[in-house]
Amino acid sequence: MTIRLYDTSARQIRDFTPLTPGCVSIYLCGATVQAAPHIGHIRSGLNFDIMRRWFAYRGYDVTFIRNVTDIDDKIIKKAAEQGRPWWSIGYENERAFNDGYAALGCLPPTYEPRATGHVTEMVEMMRGLIERGHAYEADGNVYFDVRSYENYLELSNQDLDDLRQPSGEGETGKRDPRDFAMWKAAKPGEPSWETPWGRGRPGWHLECSAMAHKYLGAAFDIHGGGLDLIFPHHENEIAQAKAYGDEFARYWVHNAWVTMAGDKMSKSLGNSVLVSEMVKQWRPIVLRYYLGTPHYRSMIEYSEEALREAESAFARIEGFVQRVVEKAGPVEPAPEVPPAFAEAMDDDLGVPQALAIVHTAVRQGNSALAADDKEAAVERVAEVRAMLGVLGLDPLDEHWAGEADRSDDLHGVVDSLVRLVLEQRESARARKDWATADAIRDQLGQSGLVIEDSPDGPRWSLGPR
């Protein structure tokens, strides 16, 4: 068994070999908490949640770090616009992110450090870089000298001569416009911390280098994040950490975006779909299916139609599981997933191929139910539960029990009403009034209900929206 991952730095799929046998260490760039999360934000956390679950299934002891950037230019700007403390905005949105992760079934990280809690580590790293000649102070700012690190831009594969480094307000005193800020001098009314070079606040890139070093050491296995972070963020993290003397990350894994009309979903473009609103319109487990089942390196073009298709596909899986449980009683997940599923997941987390194995098992299980082969149906549902468990999509998992509980009362009311209508349909069929029976079925279908005629009598379920 060898897990293989696409390594952005190598530009190819590589066999995964952990630094420490039996263990895997992962650092994921988490939320910048200037605003509540949209589904594009949560996709990254969800993709790496599936990675983490698969490593755990394969027997690894996983240390998973997901940081919180709770101080940056955007947070400070929002605070000024709203007349609120910067930390109030950050904490409010940090809670919104955690609510979103939890709603979609993401396991909590091993540690979730905040940037503002690690200024001491940042000062230590800057001091070391200045002593080694890789950084310098100017006007109260501290900059990284990009020309001092010969492998700069290897991750993003750019040419230094053509580089246009993003630069913020107040970044004065640079020796080279391509140098980037690790520390920004204090401005009136803005949050600041004391350092040997004067009061100021950290730059975004320094935060992650320092926190990764603190929680995972000088070398760790996997660094993850969205494609948009390759440059400048991850490129600058590498420069700082390696110039400081760390080996840093051995594999770089990046997830693709959720797009709308071809553009990356973002607040600045006004095309974002907030998680807090989406969970009011769609079941969270359906949102997880929608965001988590495409390959992590594939773009997801957001649309209502695509969500309805995801809802319908998951309903077929869930309906099979429920029918078997109704017929045979509780069924525990199988101890192992099918070999074809494992093979797909080992190959760069091939969730779409793995999901095809799930749907094949569902079709086989439905055929077994139709043939009244309860033993075969139970075997298939045990496999399905094992596979769904790895993906965080098992509808019988206790995480989703609350979702089912919230709908129990309403389901009971609807069931009673539908039963009355179905009795009328059965009466029409008994007197061979096929036109009335078909009309009742069609009217129920227009209301979003699917009617199945089984040997045990008619049954209903919710169809796609």
Verdict with supporting geometry, Asn236 and Tyr152, side-chain hydrogen bond (donor to acceptor under 3.5 Å, both in side chains): CA-CA 8 Å; Asn236 292 350; Tyr152 188 59; 2.5 Å; yes

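- Side-chain atoms of Tyr289 and Ile317, non-hydrogen and from C-beta on, do get closer than 4.5 Å to each other.
- Contact between Val62 and Thr110 at its shortest, heavy atoms only, is O-OG1, 3.8 Å.
- In this structure, Tyr244 has its ring center under 6.0 Å from that of His213.
- Between Glu277 and Lys280 there is a salt bridge, since at least one side-chain N of the basic residue sits less than 4.0 Å from a carboxylate O of the acidic one.
- For the side-chain hydrogen bond (donor to acceptor under 3.5 Å, both in side chains) with Arg4, the lone residue among Asp15, Asp348, Asp346 that qualifies is Asp15.
- For residues 102-124, the set of pairs meeting the salt bridge (Lys or Arg N to Asp or Glu O under 4.0 Å) definition, not counting sequence neighbours, comprises Arg66-Glu112, Glu94-Arg114, Glu121-Lys214.
- The ring-ring contact (aromatic ring centres under 6.0 Å, His included) search around Phe320 returns none, not counting sequence neighbours.
- Taking the six-membered ring for Trp and the full ring otherwise, the centers of His118 and Tyr215 sit less than 6.0 Å from each other.
- Under the rule for a ring-ring contact (aromatic ring centres under 6.0 Å, His included), Tyr149 has no partner lying at least two apart in sequence or in another chain.
- A distance-only check finds a donor-acceptor pair linking the side chain of Tyr57 to the backbone of Val337 [under 3.5 Å].
- Test Phe248, Trp252, Tyr27 against His234 for ring-ring contact (aromatic ring centres under 6.0 Å, His included) and you get one pass: Trp252.
- Salt bridge Arg380/Glu383: present, at least one basic N to carboxylate O contact under 4.0 Å.
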